[in-house]
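Below, read A as the first sequence line, B as the second, and so on, with proteins coming before strands; counting in each chain starts at 1.
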There are 2 protein chains.
Amino acid sequence: MKSLSIGSLAEKTGVHIETIRYYEREDILPKATRSESGRRLYDEGDVRRLNFIHKCRSLGFSLKEIISLMSLVDTGDYTCRQVHDLTLVHTKEISEKISDLRKMEQVLIEMAEHCSQGNVPECPIIDSLFDS
Amino acid sequence: MKSLSIGSLAEKTGVHIETIRYYEREDILPKATRSESGRRLYDEGDVRRLNFIHKCRSLGFSLKEIISLMSLVDTGDYTCRQVHDLTLVHTKEISEKISDLRKMEQVLIEMAEHCSQGNVPECPIIDSLFDS
DNA sequence: CTTGATCCTGTAGTGACTACAGGATACATA
DNA sequence: TATGTATCCTGTAGTCACTACAGGATCAAG
């Protein structure tokens, strides 16, 4: 049943081979069973697990958060409310990042608006970068 | 004239002492002149320079970008248009980050909306995290 | 039987810091 | 003048989540 190579797992999940090995090293994925010659072998359960990790990463969860999440899932010891609340906390962190970046964006746009955009060696962007 | 300690420079600019030493090591700041006993000494020019770096960092520029920007400024070999265009490119990168984060945020919010938030060990968030 | 694809381990690099350890020096107070 | 504590020094290692080799073994197809 364990018949997928690391390459196939990578292809099925969109996670790079090097990253899969890294996840194993860091105990985010369990040690893979090996073929006689020492190659890693996977099955559909591994695909499912790696999809979970991949999706969490794409939603901005850290590997530490993913480890906690997965251990909740593995033990079955969680409630919908608990997961919901964890998700809300994470969503708030994302929202804060967005608002930080929007502030940067706004400052940059405002700075650029003052430019003559001319062929001259004076620039209000440079000037305002020197302000503390 | 060079009479500021690294601690004073840190206080004036809001940049940590360790970070100032790091910037010197990485040639983002020039090697500081030293007192007889080997302590770093700074002046208002250094304050100005570090403010520039600090402000650039707060606007999301990488240290590499800052090095290029500063060498433009140091040589005086730049035009307003050039700086304006560099800034626009950087602003676009910020905007892309924002839009990526907003997509994450949206998915998270939608996932959370489906929760019963009950005291039960079934959760639609977990279910959808397993989808590829 | 050979060729090229795939796999293995182990190590080092990335970016921008941050956090010590272990010691030297400066300055304010008793 | 002695002392205590604040500040400084160098050098190294850790953080996060990969990514990129080097150098070698093994597999599958023609």
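- For the pair A/Arg25 CZ and C/dT11 P, the interatomic distance rounds to 11 Å; values are reported in whole Å.
- The base of C/dT9 does not come close enough to the side chain of A/Arg21 for any donor and acceptor atom to sit less than 3.5 Å apart.
- Straight-line distance from the CD atom of A/Glu36 to the C1' atom of D/dA25: 15 Å, rounded to whole Å.
- The side-chain heavy atoms of B/Leu50 and B/Leu29, taken from C-beta on, include a pair separated by under 4.5 Å.
- As a whole-Å value, the separation of B/Ile28 CD1 from C/dG15 C1' is 10 Å.
- The shortest distance between the side-chain N/O atoms of A/Ser37 and the OP1/OP2 oxygens of C/dC7 is not below 4.0 Å.
- Taking side-chain N and O atoms only, B/His16 has no distance below 4.0 Å to OP1 or OP2 of C/dC17.
- The OG atom of B/Ser62 sits 8.5 Å away from the CD atom of B/Glu93 when rounded to the nearest 0.5 Å.
- Distance CZ (B/Arg40) to C1' (D/dC8): 9 Å, rounded to an integer number of Å.
- Partner A/Glu105 forms a side chain to side chain contact (heavy atoms under 4.5 Å, CB included) with one of A/Leu101, A/Leu108, A/Ile109 and no other, that one being A/Ile109.
- Spacing between atom CG of B/Leu41 and atom C1' of C/dT25 amounts to 13 Å, rounded to whole angstrom units.
- Rounded to whole angstrom, the span from the CG atom of A/Leu29 across to the C1' atom of D/dA17 amounts to 14 Å.
- For the pair A/Arg57 CZ and D/dA17 C1', the computed distance is 6 Å after rounding to whole Å.
- Taking a cutoff of 4.0 Å between a charged side-chain nitrogen and a carboxylate oxygen, A/Arg48 and B/Asp131 do not qualify as a salt bridge.
- Of the two residues near DNA chain D, A/Phe61 and B/Arg34, the one whose nearest nucleotide lies more 5' is B/Arg34.
- The residue B/Tyr23 sits close only to the backbone: its heavy atoms come under 4.0 Å of sugar-phosphate atoms, none of a base.
- Checking B/Glu18 against B/Ser62, the closest nucleotide of DNA chain C that is more toward the 5' end is the one next to B/Ser62.
- Rounding to the nearest 0.5 Å gives a distance of 10.0 Å between OG1 of A/Thr79 and CD of B/Gln117.
- When distances run from any side-chain atom of A/Ile6 to the nucleotides D/dA17, C/dC8, C/dA16, the shortest one goes to C/dC8.
- OP1 or OP2 of C/dT18 has at least one side-chain nitrogen or oxygen of B/Thr19 nearer than 4.0 Å.
- The distance between atom CD1 of A/Ile53 and atom P of D/dA17, rounded to the nearest whole Å, is 12 Å.
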